[in-house]
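This report concerns only the one structure given below.
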2 protein chains.
Amino acid sequence: MSDLLAERDTWSMANCSIARTLEIAGTRAAMLILREAFFGTRRFDDFAKRVGIGEPAAAARLKELTAAGLLERVPYQEPGQRTRLAYQLTEKGRDFLPVLVALRQWGDRWAAGEDGRPVVVRHRDCGAEVHAVLRCDEGHDVADGETVVEPGPGLLRITPDAG
Amino acid sequence: MSDLLAERDTWSMANCSIARTLEIAGTRAAMLILREAFFGTRRFDDFAKRVGIGEPAAAARLKELTAAGLLERVPYQEPGQRTRLAYQLTEKGRDFLPVLVALRQWGDRWAAGEDGRPVVVRHRDCGAEVHAVLRCDEGHDVADGETVVEPGPGLLRITPDAG
DNA sequence: AAGCTGACTTACGAATATGAAAGTCAGCCA
DNA sequence: TGGCTGACTTTCATATTCGTAAGTCAGCTT
């Protein structure tokens with residue numbers, strides 16, 4: 001990306017989309033709960049157990065993610081069991097998948113154990129592995145160093161100190 | 001993704017690539033420092049100021065990211081100034097860009113302010129906007145719900161409790 | 001009506017992350 | 001040689017986040 005230097009200093013990052021996203025789902029536990037949701041986990045206890053966090057943390061993160069609209073609670077009933085509530089991804093939550101795939105991909109490449117990747121994500125229709133890639137609206141693959149950043153319509157400016 | 005249910009319960013997520021990635025760069029401050037690095041920020045004070053965090057936090061995160069190999073300190077000298085150290089992305093750090101793009105994209109769509117996106121990322125060569133997309137190795141775009149997860153070579157299994 | 005189980009909540013303490021304010025240190029410049 | 005500035009570090013206090021352990025509550029089953 002380019003160095004806009006002085007121009008850049010007038011940008012307020014108060015409403016940065018990355019920061020906003022992190023405020024909603026930026027904690028380790030929240031990310032891992034979303035991972036589990038994509039893996040198919042739906043029940044409270046399973047979230048806590050599989051993410052490896054305590055029940056209070058699981059309850060707090062699930063509540064936040066539900067309030068933020070990434071998860072919704074839906075009633076379900078197994079035969080011979082009472083009605084329960086399951087946590088299920090909404091469209092807003094499912095749209096988070098590229099973030100998780102990108103995180104996994106980076107970890108696979110740069111921080112995997114010696115035995116390699118613990119899980120593999122494949123395309124259901126063809127069986128090939130799935131990756132997060134950068135692509136522009138013209139259809140080009142975007143390689144390292146080929147991006148530039150510019151102000152968008154929602155950019156706030158900082159009023160420089162007088163002087 | 002499919003629900004492997006019982007099978008899934010034998011998976012240990014202790015070495016999950018997502019969790020490993022989050023341990024290296026999973027805090028809000030670390031992510032935002034990487035964002036700034038992609039925006040072209042290189043100096044200590046600018047990181048602290050533009051990310052909006054205190055100097056102790058900036059120093060701690062920069063140190064961690066440098067130790068983890070995402071950033072490197074390189075000497076530089078402006079005319080008439082003494083030699084200083086700048087923080088610059090390594091290949092390992094630049095490879096983190098898809099994560100940030102995916103986070104930004106999600107925030108743009110689901111958590112933007114009413115004026116829209118604060119920044120826009122474009123392809124340098126053609127000017128079109130850049131997105132993080134999921135694609136399989138066969139070249140197909142992968143849509144919502146078209147992924148399946150399976151164990152990889154590095155998957156650890158949990159020995160079920162006897163009984 | 002009592003038991004059982006899943007889904008939480010409460011209580012408590014420890015670890016981590018962060019901010020404000022101030023101090024330290026190293027060189028280039030005058 | 002002293003000033004100045006960028007780059008940190010130190011100190012102190014606070015806010016989150018997390019784990020363990022235990023308690024609560026609701027309904028379906030018997």
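What you are looking at is a predicted structure, and each value in this text was computed from that prediction instead of being measured. Numbers restart at 1 for each chain; the letters A, B, ... are given by sequence-line order, proteins then strands. Only heavy atoms go into these numbers, but all of them, side chains included; no hydrogens, no water, no symmetry mates.
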For [X], check side-chain contact (heavy atoms from CB on, under 4.5 Å) against everything at least two apart and list the hits.
X	value
B/Ala143	B/Glu146
B/Lys49	A/Asp9, B/Asp46
A/Glu55	A/Phe44, A/Asp45, A/Ala48

Decide side chain to side chain contact (heavy atoms under 4.5 Å, CB included) for A/Phe39 and A/Val119; before the verdict, give the C-alpha distance in whole Å, the side-chain angles of both, and the deciding distance to 0.1 Å.
-> CA-CA 10 Å; A/Phe39 282 1; A/Val119 299; 4.2 Å; yes

Contacts of type ring pair (Phe, Tyr, Trp, His ring centres under 6.0 Å), residue B/Phe96, not counting sequence neighbours =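 Testing B/Phe96 for ring pair (Phe, Tyr, Trp, His ring centres under 6.0 Å), a comparison that skips the adjacent residues, returns A/Trp106.
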
Sorted by chain and number, sequence neighbours left out, ring pair (Phe, Tyr, Trp, His ring centres under 6.0 Å) with B/His123 holds for A/His140

B/Glu72: partners by salt bridge (Lys or Arg N to Asp or Glu O under 4.0 Å), with sequence neighbours left out | none

Sequence-distant partners of B/Arg20, salt bridge (Lys or Arg N to Asp or Glu O under 4.0 Å), two or more places apart |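 B/Arg20: no salt bridge (Lys or Arg N to Asp or Glu O under 4.0 Å) contacts found.
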
Within less than 4.0 Å of OP1 or OP2 of D/dT9, is there a side-chain N or O belonging to B/Lys63?
-> yes

Specify the residue among A/Ala30 and B/Phe44 whose closest nucleotide of DNA chain D lies further upstream toward the 5′ end.
-> B/Phe44

B/Trp110, A/Leu70: one ILVMFWY side-chain cluster at the under-4.5 Å cut-off?
->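 B/Trp110 clusters together with A/Leu70.
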
Footprint ends on DNA chain C, 5' to 3', for atoms under 4.0 angstrom from a heavy atom of chain B, come out as C/dA17 to C/dC29

Between [N] atom [atom2] and [X] atom [atom1], what is the distance in whole Å?
X	N	atom1	atom2	result
A/Leu85	D/dG27	CG	C1'	12 Å
B/Asp46	D/dT5	CG	C1'	14 Å
A/Arg84	D/dG27	CZ	P	11 Å

For DNA chain C, whose closest nucleotide is more 5', that of A/Arg43 or that of B/Thr83?
->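 Mapping each residue to its closest nucleotide by heavy atoms, the 5'-most match is A/Arg43.
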
Describe the nucleic acid contact of B/Gly52 in one word from base, sugar-phosphate, nothing, applying a heavy-atom distance below 4.0 Å.
-> sugar-phosphate

If you look at every strand shown and take non-hydrogen atoms under 4.0 Å, does B/Phe47 touch a base, only sugar-phosphate, or nothing?
-> nothing

What does the list of N/O pairs under 3.5 Å between the protein and nucleotides 13-17 of chain D look like, with a distance for each?
none

Among residues two or more places apart or on two chains, list those pairs meeting salt bridge (Lys or Arg N to Asp or Glu O under 4.0 Å) that have a residue in residues 94-111 of chain B.
-> A/Glu91-B/Arg109, A/Asp95-B/Arg109, A/Arg109-B/Asp95, A/Asp144-B/Arg94, B/Arg104-B/Asp108

Is there a side-chain contact between B/Arg42 and B/Val74, using heavy atoms and a 4.5 Å cut-off?
->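 A side-chain contact exists here, since the closest heavy-atom pair is under 4.5 Å.
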
In residues 65-76 of chain A, what residues come within less than 4.0 Å of DNA chain C, judged by heavy atoms?
->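 Within this stretch, A/Arg73, A/Tyr76 sit under 4.0 Å of the strand.
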
Between A/Thr147 and B/Phe38, does a side chain to side chain contact (heavy atoms under 4.5 Å, CB included) hold up when you go through it step by step?
-> CA-CA 9 Å; A/Thr147 53; B/Phe38 277 107; 5.8 Å; no

Selection: residues 53-60 of chain A, any non-hydrogen atom under 4.0 Å of DNA chain D = A/Ile53, A/Gly54, A/Glu55, A/Pro56, A/Ala57

Kindly say whether B/Gly69 contributes a backbone atom to a donor-acceptor pair with the side chain of B/Thr90 at under 3.5 angstrom?
-> yes

